[in-house]
Amino acid sequence: MNRLSRQKKQALALIVALTIGGLAGVWFGLVNAQRNSLRALGDKTAAAQRKLQLVLRTIETSDRIQAGLEDSGKRLENIESGMAAGDLYSWAIETIRQFKASYKIDIPQFSQIDGPRQVNLLPGFPYKQIAITIAGAGGFYDIGQFIADFENKYPHMRIQNLSLVPGGLGEADPAANPAAHEKLSFRMEIVALVKPTVAL
C-alpha cells in the first residue's frame with residue numbers, strides 16, 4: 001500500500017503542481033493586488049488627513065486673522081482721521097502750532113503748501129502728499145525732542161531736509177545775548193499724507 005503506481009504518482013504530482021500554481025495565482029492575482037490597493041488607499045487617506053489638518057488649522061486661525069484685520073482697519077481709520085483734509089494750508093499750520101505749544105521752540109515762518117501730489121513710494125498708493133517748509137529757533141535738545149515726538153505722534157507725516165545753524169533767528173550779535181549761543185536756527189520740510197476723498 002505504500003507503493004503507489006507510476007500513474008498515481010504522476011497524478012499526485014500534477015495535483016500538487018496545480019495546487020501550488022493555484023495558490024500562487026490566488027496570491028499574485030488577488031491577495032497581492034488587494035495589498036497594493038490597500039497601500040494606495042492608505043496613502044490617499046494620509047494625504048486627505050494632512051489636507052484636513054491644514055483646513056482645520058486655517059479655520060482656527062481665521063478668527064484671529066479676522067480680528068487682526070478689524071484691528072488694522074480701526075488703526076487705519078484712526079490714522080486717516082488725523083490726515084490732512086479740507087483747507088490743507090490752514091490744516092498744516094494749525095496742526096504744527098498746536099503741537100509745538102508744549103515745546104520751547106519758536107516757529108514764525110511757514111512756506112506755501114507744495115502739493116497735493118502723487119506719492120511715488122509704492123505703486124497704486126491711495127494717498128497724495130503735501131509738503132510745507134517751516135523755520136524757527138530753539139535749543140538743541142528742544143528741537144530734537146520736538147522732531148522725535150512729532151514723528152511718533154503723527155505716523156502719516158515725516159520730517160525731511162532738516163538744517164541746523166548756530167544762533168537764533170534774527171540774532172545778529174550772539175555776544176549781545178549769551179542765551180543765543182545755546183539756540184539753533186532750524187529749517188525743515190514736513191511731508192504729510194492727504195486723506196483720500198471718498199467718491200459716492
Side-chain angles (χ1 to χ4, degrees), residues 61-200:
T61 59
S62 68
D63 291 338
R64 278 188 306 199
I65 292 170
Q66 183 66 30
L69 185 60
E70 288 172 5
D71 286 346
S72 296
K74 288 176 185 174
R75 278 197 329 246
L76 181 61
E77 282 179 26
N78 188 30
I79 290 171
E80 280 186 347
S81 70
M83 285 185 180
D87 181 359
L88 300 177
Y89 187 70
S90 296
W91 176 89
I93 291 174
E94 185 63 27
T95 301
I96 294 167
R97 283 194 174 149
Q98 281 180 1
F99 184 78
K100 82 137 194 106
S102 59
Y103 297 89
K104 297 175 186 174
I105 61 171
D106 297 319
I107 305 177
Q109 297 176 5
F110 293 86
S111 73
Q112 292 297 314
I113 288 281
D114 177 22
R117 62 175 184 241
Q118 292 296 329
V119 178
N120 56 4
L121 183 65
L122 298 168
F125 197 62
Y127 302 99
K128 292 187 177 185
Q129 72 179 23
I130 59 169
I132 186 169
T133 301
I134 62 173
F140 178 78
Y141 292 105
D142 295 325
I143 295 170
Q145 192 65 51
F146 172 83
I147 292 170
D149 292 347
F150 187 85
E151 287 193 332
N152 286 328
K153 180 171 181 175
Y154 300 111
H156 51 85
M157 290 195 246
R158 73 177 185 278
I159 294 175
Q160 61 187 26
N161 300 327
L162 172 66
S163 64
L164 298 171
V165 178
L169 287 177
E171 296 288 341
D173 183 15
N177 184 0
H181 276 358
E182 297 175 8
K183 282 196 163 189
L184 295 171
S185 295
F186 65 85
R187 179 176 295 279
M188 65 181 77
E189 183 179 31
I190 297 176
V191 179
L193 295 177
V194 177
K195 184 175 183 177
T197 55
V198 178
L200 298 177

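This is a predicted model, so every value here is computed, not measured.
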With sequence neighbours excluded, tell me which residues meet salt bridge (Lys or Arg N to Asp or Glu O under 4.0 Å) with Asp114.
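For Asp114 the salt bridge (Lys or Arg N to Asp or Glu O under 4.0 Å) partners, ignoring immediate neighbours, are Arg117.
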
To the nearest 0.5 Å, how far apart are [atom1] in [X] and [atom2] in [Y]?
| X | Y | atom1 | atom2 | value |
| --- | --- | --- | --- | --- |
| Arg158 | Gln129 | CZ | CD | 5.5 Å |
| Ile190 | Phe110 | CD1 | CZ | 8.0 Å |
| Leu193 | Lys128 | CG | NZ | 12.5 Å |
| Met157 | Phe150 | CE | CZ | 4.0 Å |

Identify every side-chain donor-acceptor pair in residues 63-74 under 3.5 Å, counting partners at least two apart or on other chains, and give the distances.
{"residue": "Gln66", "atom": "NE2", "partner": "Glu70", "partner atom": "OE2", "Å": "3.3"}
{"residue": "Ser72", "atom": "OG", "partner": "Gly68", "partner atom": "O", "Å": "3.0"}

Sequence neighbours left out, what passes ring pair (Phe, Tyr, Trp, His ring centres under 6.0 Å) with Tyr127? Give chain and number order.
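Residues passing ring pair (Phe, Tyr, Trp, His ring centres under 6.0 Å) with Tyr127: Phe125.
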
Can you tell me if Glu151 uses its side chain to pair, donor with acceptor, with the backbone of Ile159 under 3.5 Å?
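Checking the backbone N and O of Ile159 against the side chain of Glu151, a donor-acceptor pair under 3.5 Å is found.
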
Side-chain heavy atoms of Phe186 within contact of Ile147, under 4.5 Å
no

Please name the pair of heavy atoms, one in [X] and one in [Y], separated by the smallest distance, quoted to 0.1 Å.
| X | Y | result |
| --- | --- | --- |
| Gly138 | Ile105 | CA-CG2, 3.9 Å |
| Leu184 | Phe140 | CD1-CD1, 3.5 Å |
| Ala135 | Pro108 | O-CD, 3.3 Å |

Can you give me every donor-acceptor pair (side chain of residues 88-97, partner residue at least two apart or in another chain, under 3.5 Å) with its distance?
{"residue": "Ser90", "atom": "OG", "partner": "Asp87", "partner atom": "OD2", "Å": "2.7"}
{"residue": "Glu94", "atom": "OE2", "partner": "Gln98", "partner atom": "NE2", "Å": "2.9"}
{"residue": "Thr95", "atom": "OG1", "partner": "Trp91", "partner atom": "O", "Å": "2.7"}

Excluding sequence neighbours, so at least two apart, what forms side-chain contact (heavy atoms from CB on, under 4.5 Å) with Pro155?
Ile79

Using the test side-chain contact (heavy atoms from CB on, under 4.5 Å), find all partners of Thr133 that sit at least two apart in sequence or belong to another chain.
Ser111, Arg187, Glu189

Residues in side-chain hydrogen bond (donor to acceptor under 3.5 Å, both in side chains) contact with Tyr154, at least two apart in sequence or another chain:
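So Tyr154 forms no side-chain hydrogen bond (donor to acceptor under 3.5 Å, both in side chains) with any residue.
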
For Arg75, which residues count as a side-chain hydrogen bond (donor to acceptor under 3.5 Å, both in side chains) partner, sequence neighbours excluded?
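Partners of Arg75 under the side-chain hydrogen bond (donor to acceptor under 3.5 Å, both in side chains) test: none.
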
side-chain contact (heavy atoms from CB on, under 4.5 Å), that's the test. Do Lys183 and Asp106 meet it? Break it down for me.
CA-CA 11 Å; Lys183 282 196 163 189; Asp106 297 319; 3.9 Å; yes

